[in-house]
Amino acid sequence: MSSIELLSLVEQYKEAQQLIEAAQAEMETIKATISAEMSRRDVERMDVGTHKVTLKTVTTSRLDGKAIKAAAPDLAARFTKTTTATRFCVA
């Protein structure tokens, strides 16, 4: 592959990335508008046409890694799992 072809692919990648970011921003705006309407109506579920929309509070519990490392560093080290991955980045 020539340098020109590679440059073209990188530019296509960056353009696609920008389109995705713009679409995600639009989705967040739409989501906020729908959520605000559901809150105004004081409902957790709405049937809109053939779609069901829910807005629920979800509670999760997770381990606080920093706190465990501070309180019991030996225990944290025993249960720390190291993984290797390949990261692709175009800047």
Side-chain angles (χ1 to χ4, degrees):
M1 180 178 296
S2 72
S3 295
I4 293 171
E5 291 170 320
L6 190 55
L7 175 60
S8 176
L9 286 175
V10 170
E11 288 173 347
Q12 288 175 40
Y13 179 87
K14 293 294 287 181
E15 184 179 328
Q17 189 175 40
Q18 290 173 344
L19 290 170
I20 290 168
E21 290 170 1
Q24 287 175 330
E26 182 179 4
M27 279 179 32
E28 286 301 316
T29 300
I30 294 167
K31 178 182 170 182
T33 304
I34 294 169
S35 296
E37 179 61 20
M38 291 178 75
S39 293
R40 187 188 70 75
R41 294 182 184 196
D42 195 27
V43 296
E44 285 187 347
R45 180 176 185 261
M46 288 191 321
D47 292 319
V48 183
T50 59
H51 307 282
K52 292 175 181 23
V53 182
T54 58
L55 179 65
K56 294 182 179 181
T57 301
V58 178
T59 303
T60 59
S61 296
R62 297 183 183 158
L63 292 174
D64 184 344
K66 288 182 182 180
I68 291 171
K69 286 178 185 177
D74 293 339
L75 184 64
R78 277 183 41 210
F79 292 98
T80 297
K81 179 180 176 181
T82 302
T83 59
T84 303
T86 302
R87 181 177 296 157
F88 181 78
C89 180
V90 176

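Because the structure is a prediction, the values reported are computed rather than measured. FYI, the numbering just counts along the sequence from 1.
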For [X], what residues pass the side chain to side chain donor-acceptor pair (under 3.5 Å) criterion, not counting sequence neighbours?
X: R78; result: none
X: E28; result: none
X: R40; result: E37
X: D47; result: R45

Checking [X] now: which residues fulfil side-chain contact (heavy atoms from CB on, under 4.5 Å) with it, not counting sequence neighbours?
X: T60; result: V58, R62
X: D64; result: K66, A67
X: E21; result: Q17
X: S2; result: I4, E5

If you compare all heavy atoms of V90 against all heavy atoms of K14, which two are closest, and at what distance to 0.1 Å?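 Here V90 and K14 meet closest at O-NZ, 3.3 Å.
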Minimum heavy-atom separation for K69 to A76, with atom names? CG-CB, 3.7 Å
Taking ring pair (Phe, Tyr, Trp, His ring centres under 6.0 Å) as the cut-off, I'd like each qualifying pair that reaches into [range], sequence neighbours left out, listed once.
range: residues 24-49; answer: none
range: residues 71-91; answer: Y13-F88
range: residues 20-44; answer: none

Point-to-point distance, once rounded to the nearest 0.5 Å, from CD of Q12 to CG of L7: 10.0 Å
Under a single-linkage rule joining Ile, Leu, Val, Met, Phe, Trp and Tyr whose side-chain heavy atoms are separated by less than 4.5 Å, which residues share a cluster with L55? I30, I34, M38, V43, M46, V48, V53
